[in-house]
2 protein chains.
Amino acid sequence: MVTIVDVARHAGVAPSTVSYVLTGNRPVSAGTRVRVRESIQLLGYHPHAGARALASSRSNVIGLVLPLREGVQLPVVMRFVTSVVTAARRHDMDVLLVTADQGAAGLRRLAHCARVDGCVMMDVGLDDERLPVLRELGRPAVLLGHPAAVKGLTCVDLDFEAAGARCVDHLAELGHRSIGFLGASSAVYARNTGFAQRTLAGFSSAAMRRGVASTAMPAEPRYDSVQAVVGTLLRELPRMTALVVHNEAVLGWVLECLRAEGRRVPDDVAVVAICPDELAERLRLTSVQLPAEALGRRAVELLVAQLNGQQTPPLTLLEPNLSVRTGPHR
Amino acid sequence: MVTIVDVARHAGVAPSTVSYVLTGNRPVSAGTRVRVRESIQLLGYHPHAGARALASSRSNVIGLVLPLREGVQLPVVMRFVTSVVTAARRHDMDVLLVTADQGAAGLRRLAHCARVDGCVMMDVGLDDERLPVLRELGRPAVLLGHPAAVKGLTCVDLDFEAAGARCVDHLAELGHRSIGFLGASSAVYARNTGFAQRTLAGFSSAAMRRGVASTAMPAEPRYDSVQAVVGTLLRELPRMTALVVHNEAVLGWVLECLRAEGRRVPDDVAVVAICPDELAERLRLTSVQLPAEALGRRAVELLVAQLNGQQTPPLTLLEPNLSVRTGPHR
DNA sequence: GTGAAAGCGCTAACAA
DNA sequence: TTGTTAGCGCTTTCAC
């Protein structure tokens, strides 16, 4: 195994100098720096993670706490995961997987044994039960999601309220006066996930503000449910010319059902989705995307800032981005 | 921070004794063991991961290399992930996430800096490009999947060939003489994923062996593709009374299309699926499940065996399990 | 059955 | 700008 001593000998410097070249914790003259770098390259040196963690009391590992609840959109989770890993690597950190079932005890263990420097916790609910543990540990942590009380925490989320409003604004500006809202499954609303309620709130108040008629309904991830909901919406809102869909799992079915009801999309009913870009792209639907990449990256950046002793804001809301797509579908 | 010295002092023993209680690397009298355990509990001691890694040259971390290819079934991936994490925890190990995009260099880095003791690599293809790196590193590793050449490796997989055959056997024993096969998307077959081909091979040779008429077709994850494929199958195999489906993404559509073609399921066409149990359960379909939990667990067990210096077999195939479900759907 | 002590490879004072 | 050195907290040999 190649150690820092080998590199130091090879470069003709002291071990500490090699360390300083690596960490940047003290200026090193350009000449030595280059020589050390060359030796590192040549010998294929990689600092021993454990030794480094022991000496610096920094593991350079982020714990990523996954959601394992029913109803989460797996593709979105995966996009978060990859974006967190990518962002972490940019800061020379690795990512340890913490499954939800490890629970509070797991978080405590990881913190105490110094396996992770901090955590990014995904899919945090309004009244998440893991929050007390996080506060108790007092470790750096960033939450993806939006708990009811953000005091003393650091949370990152899409501004879902703005997203809901954005859809209405866009449609109202196109002249629509009667807009439906097809949301997530009722379980998601019951569960206090926050993002669903906030989108709906943004939608509703924007509709109110603009004097647009509106009705909102949840839809279960089954064809028959979507069929029923679309039917109900058309009945409740007979002059409905636009529909905002915040339920990527059933988006395809919504389009089918509208057609089955004799409505052309977008000619009779304009559909705006709140969903990943790729899906909207495929269906050629105007949409507000869930910027998983940006959220994950921001979360990691905030965590790194905390690790460097900086204060971070309790809540960061990323602005929604509406992409207009006008092509015909299929 | 609570260290081993604190525990030793509190229990009135030497630090090494505490270590031996923890690792079991040397017998400790029952009395001391209990006392030490109590002190550990009382003080809330967790051995420092980095220190342990440095002293023992074992990080107690498994690298889990994720697939990021198009066409992977995310729910299945997640089940693997959770089962690997759960199994790892049972061996007092944690799991580090390695995304595919980190590539060979990433694997090399993690091995050299001793961040991980070994790897579990998911979704390994027949001619996977990561295999050379793995061999080069000579580190403990277990592959989930089935590369063309398993020599010198340790692979775990479902016996897909047996799975394909099992479906035919089951249906033939029920008297079916003409059986269709609706497989994964053509991209999956083109990509040499192995599992898809082997299932098909098992299906085909079992049909041949039993003198059953059969036709196999791939299906893309779009409704129109499924519609076309089901139509073609019914045309090519006019007396088809059974269908084996190896494509969980479109399974629901297959049932719809069969009904749209005027075939009752299972009265006119019996459908057997190769898919996760939960899905088959929901659709009340006889099925062979992908035992993600068992595969993940076995992979971890084999990895742990390797870490303990044991030899592990190059290929472990888990037997398929066919669950008969006879209820009506919906 | 237990203790003392020498590292593991690195970082970060302290010293020059 | 660089070198020397004392730990970081644990494991493990050696000694009893």
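Lettering follows sequence order; numbering is per chain, from 1.
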Nucleotides 9-16 of chain C: protein proximity per nucleotide (B base, S sugar-phosphate only, - neither; heavy atom, under 4.0 Å): BBSBBB--

Give a yes or no on this: more than 12 heavy atoms of other residues, nucleotides or ligands lie within 6.0 Å of atom CD of A/Gln310. yes

If you apply the rule side-chain contact (heavy atoms from CB on, under 4.5 Å), what do you find for B/Gln102 with B/Thr99, and how did you get there? CA-CA 6 Å; B/Gln102 297 188 49; B/Thr99 51; 3.5 Å; yes

Verify, without hydrogens or angle tests, whether B/Ser39 (side chain) and B/Arg35 (backbone) share a donor-acceptor contact under 3.5 angstrom. yes

Just report the end-to-end axis angle for the helix from C/dG1-D/dC16 to C/dA16-D/dT1, five pairs per end, to 10 degrees. 30°

Counting only heavy atoms not in B/Arg298, do more than 12 sit closer than 6.0 Å to its CZ atom? no

When the ring planes of A/Phe160 and A/Phe195 are compared, do they come out parallel, tilted or perpendicular, using 30° and 60° as the limits? tilted

Going through the checks in order, is the side-chain contact (heavy atoms from CB on, under 4.5 Å) test met by B/Arg108 and B/Glu136? CA-CA 9 Å; B/Arg108 240 188 296 269; B/Glu136 164 209 326; 2.7 Å; yes

For A/Arg109, is there an ion pair with B/Asp94 - N to carboxylate O distance below 4.0 angstrom? yes

Pairs touching residues 23-44 of chain B that satisfy ring pair (Phe, Tyr, Trp, His ring centres under 6.0 Å), sequence neighbours left out: none

Please classify the nucleic acid contact of B/Ser57 as base, sugar-phosphate, or nothing, using heavy-atom distances under 4.0 Å. nothing

